[in-house]
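These notes concern the structure reproduced below.
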2 protein chains.
Amino acid sequence: MGKMICNCDSCHNKLCARQISIFSSLDDQQLMRIADLIIHKGYKKGELLIFEGESVNSLFIINKGQTKAFRNTQDGREQILYLFSEGDFFGERSLLRDEVSNYSVEALEETHICLIHKHDFQVLLKEHPDIALKIMEELCRRLDRLENTVETMGTRTVEARVSSVLLEFADKYGKPHPRGIMIELPLSREGIANYIGLTRETVSRKMSLLQDEGVIEMNGNKKVLLLDRSALERAADRAS
Amino acid sequence: MGKMICNCDSCHNKLCARQISIFSSLDDQQLMRIADLIIHKGYKKGELLIFEGESVNSLFIINKGQTKAFRNTQDGREQILYLFSEGDFFGERSLLRDEVSNYSVEALEETHICLIHKHDFQVLLKEHPDIALKIMEELCRRLDRLENTVETMGTRTVEARVSSVLLEFADKYGKPHPRGIMIELPLSREGIANYIGLTRETVSRKMSLLQDEGVIEMNGNKKVLLLDRSALERAADRAS
DNA sequence: CGGGCACTTGATAGTAATCAAGTCCGGTGG
DNA sequence: CCACCGGACTTGATTACTATCAAGTGCCCG
């Protein structure tokens, strides 16, 4: 494959679309056609990609970086609903139906996006029914996570909620470390609080508690070393 | 259409499948083929249709009655995730992927179900890609609701959560009444509590409060007359 | 009409939000 | 490379609220 088929900065001579699971059933020729449809766009940390209440006219696929999807309440409080990273897509719901977005999406760091225009996406969906099945799978995964979140928020102690988030981050962002798993936190304390419906002070206190118990070790503000995973799992299961 | 095409007790000479939105794109002939695949089954109040952690081998469509989908926590607490009524389906997630069920489903009253066997369902899905789109729409609606639930549980006062449920029930089960909207509650106080992560006592207290404020009027244990909808909407928006 | 269960209401205790200082981290500029 | 500055984080004290425990009341079904 010596031919240039995708000229985005981050994937020279590769089909970046191939890395996206929703296109995994397509062959190279089909992927090349899709690659032609893709527009690349970069966002700086803090920039908004999608605005709550406004219409969306493209499917967003993350090539590099990460974003949060959230809603603002009247009194300025924020509820984070999803964290998206490399390979994840969003905006699909506004394209499938013709509705405005339920949430805003903000870049948590420098983020590169592949955009597919609404119309092209709808044609793709018709031409390749397999894509619909892949999207359905991803929607099911999101339902799974939200169901877990509702259960956690509804029936678990506050310490269990904090433990659950740390476990989620360990699985998603954790890297092996001589003494356990090193987690690079994608969110600030306030971000974590807004993800699980608590205040930043409470998150702070509960994390300090977990550190005192020898379960985790905080390394600066953005790094957590998970020392005892099974203890964290036990804590996450604790009902209120 | 004098020919007998569906012999279930509750829909003589009708295509009950036609009433289901996921089959709405099909014509009569196709519906007749589906009607042949359907098995009818009845459940009594309190009976379990699906067991959390066990595999599911059919798609369940409610012909009559209603059910709740819920999870049990270790300490016996319960989190209700969905309420399903006439025309709703469930079990689809275990069929799309090959996984055990995330939740149990229990009949809240005498309930009649149309069952489509896993294999038949998968064939249908391949033959009629439109069905996948319809299912996707429904999955999106469930995501919408769960996102709202997470936001409500994460950022709203307890009174707002109770108000939200009452509004949801008013829209879903409410009937016009000279003095407002009469709501036949699908759940007991404890059920409502398990739906929004509170205790039955708190639900009781907050409903009494709403009654004192003249927003609702309780009529026995299962009926609520909504007197002032806009007041309830204001209460539901109140952040904690 | 009677009995059981769901619901209501009250008192108390526990816990997280809030308000308020401090401290630390990390980035910036000298 | 170090010192400094601002924002994020931690910790403490207090308040507010809901869970819990407990006792009555009333609805609904047989």
Side-chain angles (χ1 to χ4, degrees), chain A residues 44-46 73 75-79 108-110 152-163 165-166 184-213 216-225 235 238-240, chain B residues 44-46 73 75-79 108-110 152-163 165-166 184-213 216-225 235 238-240:
Chain A
K44 281 178 290 192
K45 177 175 176 173
T73 58
D75 64 332
R77 202 181 282 253
E78 166 180 311
Q79 177 66 47
L108 292 172
E109 58 187 40
E110 171 91 22
T152 302
M153 291 174 91
T155 67
R156 302 271 160 88
T157 62
V158 164
E159 195 177 347
R161 292 201 232 172
V162 174
S163 303
V165 180
L166 290 176
E184 183 95 14
L185 297 178
L187 295 173
S188 66
R189 297 290 180 277
E190 185 163 15
I192 294 174
N194 290 340
Y195 193 43
I196 54 181
L198 300 174
T199 61
R200 54 173 175 270
E201 292 97 329
T202 299
V203 171
S204 225
R205 274 186 254 268
K206 295 306 177 186
M207 284 181 64
S208 297
L209 209 73
L210 287 170
Q211 179 164 246
D212 293 345
E213 292 167 354
I216 62 172
E217 191 178 291
M218 294 189 264
N219 252 322
N221 285 339
K222 287 275 168 190
K223 282 182 186 169
V224 167
L225 177 57
R238 211 144 292 157
S240 54
Chain B
K44 280 176 292 191
K45 177 176 178 172
T73 58
D75 64 330
R77 201 181 283 255
E78 165 180 313
Q79 177 65 48
L108 292 171
E109 58 187 39
E110 171 92 22
T152 302
M153 290 174 91
T155 67
R156 302 273 161 88
T157 62
V158 165
E159 195 176 347
R161 292 200 230 172
V162 174
S163 302
V165 179
L166 290 177
E184 183 94 15
L185 297 177
L187 296 172
S188 65
R189 298 290 180 274
E190 184 163 17
I192 294 174
N194 291 339
Y195 193 43
I196 54 181
L198 301 173
T199 60
R200 53 171 174 270
E201 292 96 329
T202 299
V203 171
S204 224
R205 273 187 255 269
K206 295 306 178 186
M207 284 181 64
S208 296
L209 208 73
L210 286 169
Q211 179 164 246
D212 293 345
E213 292 167 355
I216 63 172
E217 190 178 291
M218 293 190 264
N219 250 323
N221 286 337
K222 288 275 168 189
K223 282 182 186 167
V224 167
L225 177 57
R238 210 144 294 156
S240 55

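Chain letters run A, B, ... following the sequence lines, proteins first, then strands; residues in each count from 1.
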Please write out each protein N/O paired with an N/O of nucleotides 15-21 of chain C under 3.5 Å, distance rounded to 0.1 Å.
residue: C/dA16; atom: OP2; partner: A/K206; partner atom: NZ; Å: 3.3
residue: C/dA17; atom: OP2; partner: A/T199; partner atom: OG1; Å: 3.1
residue: C/dA17; atom: OP2; partner: A/T202; partner atom: OG1; Å: 2.2
residue: C/dT18; atom: OP1; partner: B/S240; partner atom: O; Å: 3.4
residue: C/dT18; atom: O4; partner: A/R205; partner atom: NH2; Å: 2.8
residue: C/dC19; atom: N4; partner: A/E201; partner atom: OE2; Å: 3.2

Report yes if the side chains of [X] and [Y] come closer than 4.5 Å at any heavy-atom pair, otherwise no.
X	Y	result
B/S240	A/R77	yes
B/I196	B/V162	yes
B/L210	B/E159	yes
B/L187	B/L108	yes
A/S208	A/M218	yes
A/R189	A/M207	yes
A/E213	A/L209	yes

Pairwise distance CD(B/E184) to NZ(B/K223) - rounded to 0.5 angstrom:
5.5 Å
Inter-residue atom distance B/T152.OG1 - A/M153.CE, 0.5 Å rounding
9.5 Å
Provide a list of protein-nucleic acid N or O atom pairs under 3.5 angstrom, restricted to nucleotides 5-7 of chain D.
none

Angle between the two end axes of the helix from C/dC1-D/dG30 to C/dG30-D/dC1, five base pairs per end, rounded to 10 degrees?
50°
Let me spell it out: for each of A/G220 and B/S208, pick the nucleotide of DNA chain C with the closest heavy atom. Which residue's pick is nearer the 5' end?
B/S208
With nearest nucleotides of DNA chain C determined for B/M218 and A/K222 from heavy-atom distances, which residue corresponds to the more 5′ nucleotide?
B/M218
Between B/L185 (CG) and D/dC28 (C1'), how many Å, whole number?
15 Å
I need the CZ-P distance between B/R200 and C/dC5, as an integer number of Å.
13 Å
Restricting to non-hydrogen atoms, name the atom on B/A193 and the atom on B/T199 that form the minimum distance, rounded to 0.1 Å.
CB-C, 3.5 Å
For B/E78 and B/T73, indicate whether the former's side chain and the latter's backbone hold a donor-acceptor pair under 3.5 Å.
no
Sugar-phosphate, base or nothing in reach of A/M207, heavy atoms under 4.0 Å
nothing
